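Report on the following structure.
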Amino acid sequence: MIVVVNEKEVEVDERTTVAALMESLGFPDRGVAVALQSSVLPRSGWQTTLFDGARLEVVTAVQGG
């Protein structure tokens, strides 16, 4: 099935969770915020199984000045 992450289509298995997707795409364990269908998803919700057509926005914190 296809999900959209930051406007890019990604093919995933139907049992893929948000956490598994973040790991497979190489996002860090900390400093990451995820919105699923335009709603911020707390880390406790990252075990949510994705569905075909799901839209995720992923933002990572950046340090510096």
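All residue numbers in this chain count up from 1 along the given sequence. These figures come from a predicted structure and were not determined experimentally.
L25 and L50 end up in the same hydrophobic cluster when Ile, Leu, Val, Met, Phe, Trp and Tyr side chains are linked at under 4.5 Å. Follow the hydrophobic side-chain contacts under 4.5 Å out from M22 and you never reach V4; the two are in separate clusters.
Residues T17 and W46 have side chains not in contact (no heavy-atom distance under 4.5 Å, counting atoms from C-beta outward). Looking at Q47 and V18, their side chains never come closer than 4.5 Å, going by heavy atoms from C-beta outward. Under the 4.5 Å side-chain criterion, counting only non-hydrogen atoms from C-beta, T16 is not in contact with T49. I2 has its side chain out of reach of V10: every pair of non-hydrogen atoms, C-beta onward, lies at least 4.5 Å apart. Side-chain contact between V59 and V32 is absent, with no heavy-atom pair separated by less than 4.5 Å.
The distance from the CG atom of L36 to the CZ atom of F51 is 5.0 Å, given to the nearest 0.5 Å. How far CZ of R30 is from CZ of R43: 8.0 Å, rounded to the nearest 0.5 Å.
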Test side chain to side chain contact (heavy atoms under 4.5 Å, CB included) applied to V34 and L56, step by step: CA-CA 7 Å; V34 176; L56 295 99; 3.8 Å; yes
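The neighbour count for D52 CG, taken as heavy atoms of other residues, nucleotides or ligands under 6.0 Å away, is above 12. Under a cut-off of 6.0 angstrom, the local environment of CZ in R55 is sparse, with at most 12 non-hydrogen atoms contributed by other residues, nucleotides or ligands. Heavy-atom contacts from other residues, nucleotides or ligands closer than 6.0 Å to CD of Q37 number more than 12.
Under a 3.5 Å cut-off, the side chain of E57 and the backbone N or O of V5 do not form any donor-acceptor pair.
Of all the heavy atoms in L21 and S24, the pair that sits closest is O-OG, 2.9 Å.
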